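Below you'll find the structure, written out as structure tokens, and then a few comments.
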Amino acid sequence: RIDVDKHDFFPKSSVDGGWIGDRYPLCADLPQYHFLKMGAKYQFRGGSSLPRLHYNPPHWDSDESIKRFVLSSGSGLYQQLCNPDANGACQFAITVTLDSNLACHGKECRVD
């Protein structure tokens with residue numbers, strides 16, 4: 001059964017007749033802290049956590065399992081993404097790929 005809130009409203013067909021994303025692992029099947037593993041890729045998408053054209057289902061606001069949080073400055077992930085200059089000001093890159101595994105810090109440890 002298709003869960004409407006989890007369904008891609010605009011699926012993209014692939015050149016081989018399937019759908020883009022077919023055969024990729026489900027998020028639930030990824031290893032713990034996969035977002036902190038070597039090779040994890042981050043792309044800077046702007047200064048808003050809720051872009052203008054991004055849709056979040058209304059029930060997400062009351063769902064305790066869905067969280068947004070600000071990374072602590074003591075986090076290894078924060079340091080990689082921030083890439084501070086000599087004065088400590090962040091120099092955000094458009095793309096960051098982790099070159100080593102990072103330890104979780106604070107709220108990151110509760111992300112599944």
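Keep in mind that what you see is a predicted model, and the values were worked out from it rather than measured.
- Put simply, Val111 and Leu71 are part of the same group of oily side chains (I, L, V, M, F, W, Y) that touch within less than 4.5 Å, one to the next.
- Across Ala103 and Glu108, no two heavy atoms sit closer than the pair O-OE1, 4.0 Å.
- The two residues Cys90 and Tyr78 come nearest to each other via the heavy atoms SG-OH, 3.5 Å.
- Counting heavy-atom neighbours within 6.0 Å of Lys37 NZ, excluding the residue itself, gives a total above 12.
- Side chain of Tyr42 to main chain of Leu81: no donor-acceptor pair is present (N/O by atom type, distance under 3.5 Å, no hydrogens or angles).
- Of the residues listed (Lys41, Gln80, Gln43), the one engaging Thr97 in a side-chain contact (heavy atoms from CB on, under 4.5 Å) is Lys41, and it is the only one.
- Panel note: side chain Asn101, backbone Met38; a donor-acceptor pair is recorded below 3.5 Å.
- For the pair Asp16 (side chain) and Gly18 (backbone), a donor-acceptor distance under 3.5 Å is present.
- Between the side chains of Asp85 and Gln91, at least one donor N or O lies within less than 3.5 Å of an accepting N or O.
- Of the candidates Ser100, Cys104, Cys109, Cys104 is the only one forming a side-chain contact (heavy atoms from CB on, under 4.5 Å) with Leu36.
- By the 4.5 Å heavy-atom criterion applied to side chains, Ser13 and Trp19 are counted as neighbours.
- When atom types are taken as modelled, the side chain of Gln79 and the backbone of Ser73 share a donor-acceptor pair closer than 3.5 angstrom.
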